[in-house]
Amino acid sequence: MRTWAIIVGINEYPAATGQDALKGAVADALDFADWALHPDGGGVDPARLFLWTYPAAVPAEATPAVAAFLAAPTAWAGQTPHLVPPGRPPSVTEIVDTALLAAQDALMLRNEDGEESRCYILLAGHGVQAQVIGSQLKMQTCYLAGDFKLHPTITGLLPGDDLRDGLLVHGFTEVFLFLDCCRSSIPVYNSRVLPLAFPMGKPPDKPRWTIGWAADSDSTAWETPHDAPTRGAFTQLLVEGLRQARNPDTNSLTLEQLDHYVSNRIVAAVAPKEQFPVIHGQPHPRRLVILQTPKIPLSGPPAIVPVVINCSKVPAGTVLRMRDKNDNEVANFISNGGEVVLNAASGHLYSVESDDGVFEQSFMHAGQGETHVEI
Amino acid sequence: MWKSDPHPCVLVVEGAPGVELRILDAEFQLKAEGTVSLRQSLPPGLYIVNWKTGRELQKEVVRLRAGDTRTVRQPTPAGEADQRLQVAAAAEALAEPPSAISASAHEAEIMVVVDVTDTDATSLGVRLFTRDDIAMRSNSSDVEEAQKAADSDVAIRVYHVDPAVYRLQYQTCTGETLDQSVPAIAGRRTVVFLRSVRGRVMVPEGEQVTTLDYQGADPARSVIITLPRGTPLTEASETRRRARLLLADLATHTTSLGEAFLTEIEAPDADPLVRIYAAAVILQQLEAGASPTLEQDKAPVGLGPAWRWRWTNRALKLLDLGKIEGLPADVAVATWQGRSGRLRYPGRLDALRTPPMLECCWGWAMKRSVVQPDTIPDSFSFRAATIGAAGASPWLAWRASSAKGATPDLSGPSGKLDAVLKQLAGEALSLVDSSTPTGGGSDPFADLSFGSRAIAASALSLVSDGSFARVLGQGIAQKLAQSARMPAATLHLRAEQALAEVRQATSGAGPGEALDVEVDVASAGSPAPALSRAVRVPDDPHKGRFGGQAKAGGFRLEAAFSEKENWVTVTLAVHSGSAPDGLAVEFFLHDSFSPNHLVRTFRQGRAELELHAWGGFTTGVWIPDPGVELELDLALLPAAPRIIREL
């Protein structure tokens, strides 16, 4: 399976768009690119990876693989090869033209040797839900590109479903599209979004695709941590899941498992806000295998984050033990009738128990900050 | 391994009917799933239990040790408990006897309950109309008493009405006013739960984008149920919970049905609306080739058609509600849809009297209109639903103002529609094949109008899914009508236009004249400054943007009216004693008109435009040469007919 990746992260939009600056979209794009380039991740050849962030990524702040890519980036449609992208975010046309050319390459190569192709797409930034011309009732999640305008006509909105469908028509066997953006409404009073200018063609009989939205309909996609955001919660967990979630027997990752990973972890990541990602695909997520590769080890030591345990209902002097999923003890302490703080590796399940089993609480230590546990 | 473990662990998970239960291991792998009660033997370890309902996910982590049998029950969500409190408070208030005007004189009731917890809004501009567009009056004494005693976070309107289907109108969180069908079923109280939220909408203001805040209902989160008349609202919680689950299923094309849930819904005293929602879920899932039940993700091997028929029969039984007055159109439409999946000749669908409640039923009605055009009558509500559907899934809700300028075109034979569509699909496919043999190359459809591209693309997609070969005659047209959400006659017109444009593209003749032009005659002067001003009144986009005055700079804008059976002919005229012949005048109409920007010229001191309208709106006028703006709100003119003043 040949793979491509098209990755956009926009933190800052032109002032006329009226959009607030984001903190995490660029970092999200870089993290996704790192996964895409890894042989046990996306396995994307650098010549088939397209990365555009605004502001431009700083190589010193990227992983070695991404820094090496940034030293000789693949050119987007209409851009001069190996030059740093211009000081602005990409337009819809630039994203679509690049994606279309990639699809046509994939088709040409498949016609030569029969090998199938997959395109990973991450669009991180602002987004809205809107009706697209020609689509009578269905709202689409639209990514705000750099040329977003509302007057005299709406431009700069990239409908996600249309992008996926267009790429399947024009050459990719599989499209995996992830949109980390809000899905708030933008009715613009009886105006509609222009459809993408994909050439028309015949869709495949049995398309294979995934679409992942950071939030459900009419909702906000939050950045994390809440008080000092640095990442989009959805993409951060998505890439973690792509790296770490596997069936231990087969090393495979299905879309269903990825969905479970993200939807169970995101509650803590966006607290006190709420966010309900939607990930679905065709065929059924249980049968849609994304990867069959070993886990990608964490680049550094696991994050050690406090667990704050409220022992007010446990008699003072009771011995309590914190154990991991394999029942190994990771810490023990004596209840003081108040709060006790322990440090533990984030991203795992634990339990805190008394020796007689009378007091027990299991929890997911998954948040960006402290996990609060009440026994 | 664990299977031979002498001390197996058992985890039992319990949840309410309609909730999907899951057990995941520490790697987020699914170990078991089910509904109501899930019992699974597992090795010792830590597990994640999920209770999934629609968009929401509740979870708990559980440790199992050798020999353990543990039971975990679904926690009660805090939000739901608060809503129950509000419902109970409203119920206490309504324990007051209704006024003498009401209950005995009418067999049904519609109650609109607005949750205003998160906003300052109280009324949402709720109005109720009959099928003949007569506004109903709420029972004011019921409302006042209820609101005094009830929690201040709930606002209530009560209408004592005859059994029928009504049109409910309300303001939304995007600033627009929407309509949707609400049934008043004989012997029952229909309760419409609306939730008022704050919405932010981006609008252009010159070259900038500005954001406006609104408070109003989020239509996608409305819940509509019925109770027997006299039943206190405190008993509505479970019905409401079931309705919410099913409505979420319809919106997200999923299912929460399992045997336990269906048993509750199939009970003889179950809410008819909940039965309709469940039937629609089953039929929608079957139509998509998906399982209607959480308990199986596909048809058992070797049982495909029989399994489908069993489920279709189950849906049809849910829809068998007898001859009760006031049932919504969804019953007939969904019944027809179910029969069409089972029978070669599913029978006739009588002309709908009101638009359905559900979006999926609207699509099925469109499908039916291909062979039976009278399924969709020509009336204000149907025109508005066709043109202005608002994407409020699962509901069919439409912009109240979207049919002001609709031109009736819902008659005429559809006999040739299938032929047109087959030709369109075939010629579009040939054009694609001849233009892109190996990928690459220019877009052969570049010169098609957007509407024609959409129709041609839809026809192409039918070719691709193999249906072209099998689906002859009515099938292709039905599928297209359903996906495009257009009645057959409108689809016929658009398809002929698309075919003409495709043929033009094939011949290489370049773009021709498209029907769906936005401007009748290009403006020769400077652009109207009003168009750079933000739209402040979503339902009346030109209100306040053209200066607010009907007289300025020696020019005067007036309107005359002539009522027809289904329309009002409006003659707009700009007068001036000094304007030379040939001076251009630009008229800006409500955006439901197509085109909505027209230019006329002065002749003997007058520039005139005649149009047909159903409902009032603000007209803007721009006279570029002297730079004069005029504005006239037709709904405020005393001489305007009722239709213009009230709709």
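Residue numbers begin at 1 in each chain, while the letters A, B, ... track the order of the sequences.
- The environment of CD in A/Glu274 is sparse: at most 12 heavy-atom neighbours from other residues, nucleotides or ligands sit within 6.0 Å.
- Heavy-atom distances place no part of A/Asp105 under 4.5 Å from chain B, backbone and side chain included.
- Side-chain contact between B/Met202 and A/Phe148 is present, with at least one heavy-atom pair separated by less than 4.5 Å.
- One finds the CZ atom of B/Phe28 at 6.0 Å from the CG atom of A/Leu349 (value rounded to the nearest 0.5 Å).
- Within the 4.5 angstrom heavy-atom criterion, no atom of A/Pro14 approaches chain B.
- We find the CD-CG distance between A/Gln257 and B/Asp25 to be 7.5 Å, quoted to the nearest 0.5 Å.
- For A/Ala103, no part lies near chain B; criterion is any non-hydrogen pair under 4.5 Å.
- B/Arg63 and A/Ser362 share no donor-acceptor pair across their side chains, judged by distance under 3.5 Å alone.
- Crowding of B/Lys59 atom NZ: a count of heavy atoms from other residues, nucleotides or ligands under 6.0 Å exceeding 12.
- Per-residue counts of heavy-atom pairs under 4.5 Å with chain A were compared for B/Leu46, B/Thr252, B/Thr211; the largest is that of B/Leu46.
- A 4.5 Å side-chain heavy-atom check between A/Met364 and B/Ile48 finds at least one atom pair inside the cut-off.
- Contact of B/Leu57 with chain A is made through backbone and side chain together, with heavy-atom distances under 4.5 Å.
- Heavy atoms closer than 4.5 Å to chain B are found in the backbone of A/Phe363, but not in its side chain.
- Side chains of A/Arg286 and B/Glu33 form a contact here, defined as non-hydrogen atoms less than 4.5 Å apart.
- A 4.5 Å side-chain heavy-atom check between A/Asp327 and B/Arg65 finds at least one atom pair inside the cut-off.
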Given A/Glu360 and B/Arg70, is the salt bridge (Lys or Arg N to Asp or Glu O under 4.0 Å) satisfied, shown in steps?
CA-CA 13 Å; A/Glu360 184 208 321; B/Arg70 292 195 65 169; 3.1 Å; yes
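- Neither the backbone nor the side chain of A/Thr254 comes within less than 4.5 Å of any heavy atom of chain B.
- Residues B/Glu27 and A/Lys295 are in side-chain contact: their nearest non-hydrogen atoms beyond the backbone lie under 4.5 Å apart.
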I would like to know whether B/Gln208 and A/Thr17 meet side-chain contact (heavy atoms from CB on, under 4.5 Å); could you show each step before the answer?
CA-CA 6 Å; B/Gln208 305 289 318; A/Thr17 64; over 6 Å; no
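- Going from atom CG of B/Leu24 over to atom CG of A/Asn264 covers 5.5 Å, rounded to the nearest 0.5 Å.
- With a threshold of 4.5 angstrom between heavy atoms, A/Val278 does not approach chain B through any atom at all.
- Side-chain contact check for A/His260 versus B/Arg22: some heavy-atom pair is nearer than 4.5 Å.
- The line from CD of B/Gln29 to CG of A/Asn247 is 4.0 Å long, rounded to the nearest 0.5 Å.
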